A.B. asks: 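Provided herewith is a single structure, encoded as C-alpha cells, for subsequent inquiry.
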Amino acid sequence: QVTLVESGVGLVQSGDSLRLSCAASGRTFSIYAMGWFRQAPGKERDFVAAITCSGGRTLYADSVKDRFTVSRDNAKNTMYLQMNSLKPEDTAVYYCAARRYGSSWFDYDYWGQGTQVTVSS
C-alpha cells in the first residue's frame, strides 16, 4: 500500500514553467513504477508521462514531449513533473499514480487526489 500526495497547485501564464511534486508514503518508494496523468474539464483522464522504478526509462505523451520532464528521487520518496512552455491546453487536474506489478506504462493501482494546474493565455 502506498499513499500519494501531489503538490504544486499553480495559476500561471502561457509560456511559464511549473514543477509538480508527488510525495509517497508507505512501502519502499523505489519498488513502484510511477506515472502522471491529467484530466481537463469534461474530458477523460489522459496519460502524460511515466518513469520506471529506478528512473532509468521514461515515456511521454506526444502533446508534452520536449516540454515536460518526469524525474524521481527515491531517497526522498518523491516524483516530479517539470512543465515548461505551458499552454492553455495544459490546464487540467494532474494526478500521480503508482504501480508495483505489471509492465504497462498506462495501468496503475494507486492514485493521488490530484492538483489543479491552470494556464491562462
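The structure presented is a predicted model; accordingly, all values stated were derived computationally and were not measured.
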A.B. asks: Is there a continuous path of hydrophobic side-chain contacts, each under 4.5 Å between heavy atoms, that joins Y94 to V2?
C.D. replies: yes
A.B. asks: Rounded to the nearest 0.5 Å, what separation is found between the CG atom of D73 and the OH atom of Y80?
C.D. replies: 5.0 Å
A.B. asks: Measure from the side-chain N and O atoms of E6 to the backbone N and O of G114, and report whether any donor-acceptor pair falls under 3.5 Å.
C.D. replies: yes
A.B. asks: Answer whether the closest heavy-atom distance between the side chains of Y110 and T3 falls below 4.5 Å.
C.D. replies: no
A.B. asks: Give the minimum heavy-atom separation between N74 and S30, together with the two atoms involved.
C.D. replies: ND2-CB, 3.5 Å
A.B. asks: I want to check something: taking the side chain as every heavy atom from C-beta on, are Q116 and T91 in contact at a cut-off of under 4.5 Å?
C.D. replies: yes
A.B. asks: Quick check for you: to the nearest 0.5 Å, what is the distance between E89 atom CD and S14 atom OG?
C.D. replies: 7.5 Å
A.B. asks: Checking the side chain of Q113 only, and the main-chain atoms of V5 only, is there a donor and an acceptor separated by less than 3.5 Å?
C.D. replies: no
A.B. asks: Do you know which two heavy atoms are closest between R72 and A33, and how far apart they sit?
C.D. replies: NH1-CA, 4.1 Å
A.B. asks: Distance check, rounded to the nearest 0.5 Å: K87 atom NZ versus S121 atom OG?
C.D. replies: 14.0 Å
A.B. asks: Look at the side chain of R99 and the backbone N and O of S104, then say whether any donor-acceptor pair between them is shorter than 3.5 Å.
C.D. replies: yes
A.B. asks: Report the C-alpha distance between K76 and F29 in whole Å, list the side-chain angles of each, state the deciding distance to 0.1 Å, and finish with yes or no for side chain to side chain contact (heavy atoms under 4.5 Å, CB included).
C.D. replies: CA-CA 9 Å; K76 295 183 178 180; F29 179 64; over 6 Å; no
A.B. asks: Where is the tightest heavy-atom contact between V48 and V64, given as atom of each residue plus distance?
C.D. replies: O-CG2, 3.5 Å
A.B. asks: Verify the cluster assignment for W36 and F68: are they in a single hydrophobic cluster under the rule of side-chain heavy atoms below 4.5 Å apart?
C.D. replies: yes
A.B. asks: With a cutoff of under 4.5 Å between side-chain heavy atoms, which Ile, Leu, Val, Met, Phe, Trp and Tyr residues group with F47?
C.D. replies: F37, L59, V93, Y95, W105, F106, Y108, W111
A.B. asks: If the test is side-chain hydrogen bond (donor to acceptor under 3.5 Å, both in side chains), which one of T115, D90, D46 qualifies with R38?
C.D. replies: D90
A.B. asks: Quick check: do M83 and L20 have side-chain heavy atoms less than 4.5 Å from each other?
C.D. replies: yes
A.B. asks: Nearest 0.5 Å, please: how far is CG in L4 from OG in S25?
C.D. replies: 7.5 Å
A.B. asks: Report whether M34 and I31 are members of the same hydrophobic cluster (ILVMFWY, side-chain heavy atoms less than 4.5 Å apart, transitive linking).
C.D. replies: yes
A.B. asks: V70 versus M79: any side-chain heavy-atom pair under 4.5 Å?
C.D. replies: yes
A.B. asks: Under a 3.5 Å distance rule, please check whether Q82 uses its side chain to pair with a backbone N or O of T69 as donor and acceptor.
C.D. replies: no
